[in-house]
Amino acid sequence: MQPAQKLNQLLKENISRVIVGKQDVIELVLNAILCGGHVLIEDVPGVGKTTLASAFAKSLALSFKRIQFTPDVTPSDVTGYNFIDFKTDKMEYREGAVFAQMVLADEINRTSPKTQSSLLEVMEEGQVTLDGETHKLPTPFIVLATQNPVDFVGTYPLPEAQLDRFFMRVSIGYPTEAEEAEVLNMYMTGEKPLQTLEPVCTREDILRLQKMVGDVRVSKEMRAYITQIAQASRTYRAFSRGISTRGAISLMHSAQACAMLQGRDYVTPEDVRKMAGPVLAHRVVLSPEARLGMKGATAERVLARLISSVQVPVRIR
């Protein structure tokens, strides 16, 4: 078994102690972490979004901080601020809540757009710049953000620039009847299984696997396939905004990680199609015509229809 496959298995076994089922969601989040990307977990309250993020931080032995976003949270709470130390008469920098290897941005769409935007440089560059001085964040640096659906009271839609910086968007969903019964059994005594989780790897393991993702081969034909998908999205009538170049790059990297988690050293069209929804759906915008004229239209469904119209390469290695 390859190192990535082994970590995938260990993570699923470990996190299943606090979240029943959802193996596919765990693998998607691991995929993003191996690519050094940030994840937006969007779902209704109470399905385990915060628990999932906390379980990952514990399982990967990463330093962890949680930012509970509310309307009164300010950008300086997130990134830090400068202040004068009257003992030394020098300007000092006090780190904000983002200075951790894994940051949980809980209910990110409950804070103001100004505070949301304070994460733009943090997520893209892995640093904070304040008054011309740059402060590097620890590595690896991963933001796991949760948000409730935008139609909930007291929410602010994330800016498009912010959405595009999320490598992936996932949804946990409600458990099945059998899974929910198992959850009730797990929590019946009042104990909190999350507190008993132990790490299954080290920071160095994660950094090593992140470097290995780049070794997975993406043939010229597969790169052309991803390019054609991105280009087609920009002229597709059902989209008013297509896939960005950042989105196309993210799709390629996620396909590499997907292949590595399957024990392969090359990308296939199946890897691309599997990762397209989680990586691309939050980056496109349905046109008004699509919303009105296509019953039950979602970005994921329309995207799948577009991808099915793009010719699959014959040669993939």
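For the single chain, residues carry numbers from 1 onward in sequence order. FYI, side chains are in, hydrogens and waters are out, and symmetry mates aren't considered; it's all heavy atoms of this structure.
Within the 3.5 Å criterion, the main-chain N or O of Ile41 finds no donor-acceptor partner in the side chain of Lys49. A donor-acceptor pair is defined here as one N or O able to donate and one able to accept, closer than 3.5 Å; no such pair exists between the side chain of Ser59 and the backbone of Val200.
Of the options Thr50, Leu144, Val103, a side chain to side chain contact (heavy atoms under 4.5 Å, CB included) to Arg66 is made by Thr50 and by none of the others.
When the side chains of ILVMFWY residues are joined at heavy-atom separations under 4.5 Å, either directly or via intervening members, Phe64 and Ile33 end up in a single hydrophobic cluster. Hydrophobic clustering keeps Leu120 apart from Val98 (ILVMFWY residues linked when any side-chain heavy atoms are closer than 4.5 Å, directly or through intermediates).
The shortest distance between side-chain heavy atoms of Asp205 and Leu60 does not fall below 4.5 Å.
The two residues Val47 and Gly173 make their nearest non-hydrogen contact at CB-O, 4.0 Å. When all heavy atoms of Gly247 and Val279 are compared, the pair lying nearest together is O-CG1, 4.2 Å. Of all the heavy atoms in Ala97 and Ile67, the pair that sits closest is CB-CG1, 3.5 Å. The two residues Ala55 and Val18 have their closest heavy-atom pair at CB-CG2, 3.9 Å. Looking at every heavy atom in both residues, Phe166 comes nearest to Arg283 through O-NH2, 3.0 Å. For Gln116 against Pro159, the heavy-atom pair with the smallest separation is OE1-CD, 3.0 Å.
Between Glu198 and Arg17, no side-chain nitrogen of the basic residue sits less than 4.0 Å from a carboxylate oxygen of the acidic one, so the salt-bridge criterion is not met.
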side-chain hydrogen bond (donor to acceptor under 3.5 Å, both in side chains) between Ser171 and Asp43, worked out: CA-CA 6 Å; Ser171 177; Asp43 221 317; 2.8 Å; yes

Stepwise side-chain hydrogen bond (donor to acceptor under 3.5 Å, both in side chains) test for Gln9 and Glu13: CA-CA 6 Å; Gln9 180 180 331; Glu13 292 174 354; 3.3 Å; yes

Stepwise side chain to side chain contact (heavy atoms under 4.5 Å, CB included) check, Leu52 with Thr146: CA-CA 10 Å; Leu52 177 66; Thr146 71; over 6 Å; no

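Between His135 and Tyr93, the ring planes lie parallel to each other; the angle is under 30°, not in the 30° to 60° tilted range.
Enclosure of atom CG in Leu184 by more than 12 non-hydrogen atoms of other residues, nucleotides or ligands within 6.0 angstrom is indicated. The 12-atom threshold is not exceeded at CZ of Phe86, counting heavy atoms of other residues, nucleotides or ligands nearer than 6.0 Å.
The salt bridge (Lys or Arg N to Asp or Glu O under 4.0 Å) analysis of residues 239-264, with sequence neighbours excluded, yields the pairs Glu124-Arg246, Glu160-Arg241, Asp164-Arg246, Arg264-Asp271.
The structure places CG of Leu40 at 14.5 Å from CZ of Arg165, a figure rounded to the nearest 0.5 Å.
A donor and an acceptor atom, one from each side chain of Thr139 and Arg203, are located under 3.5 Å apart.
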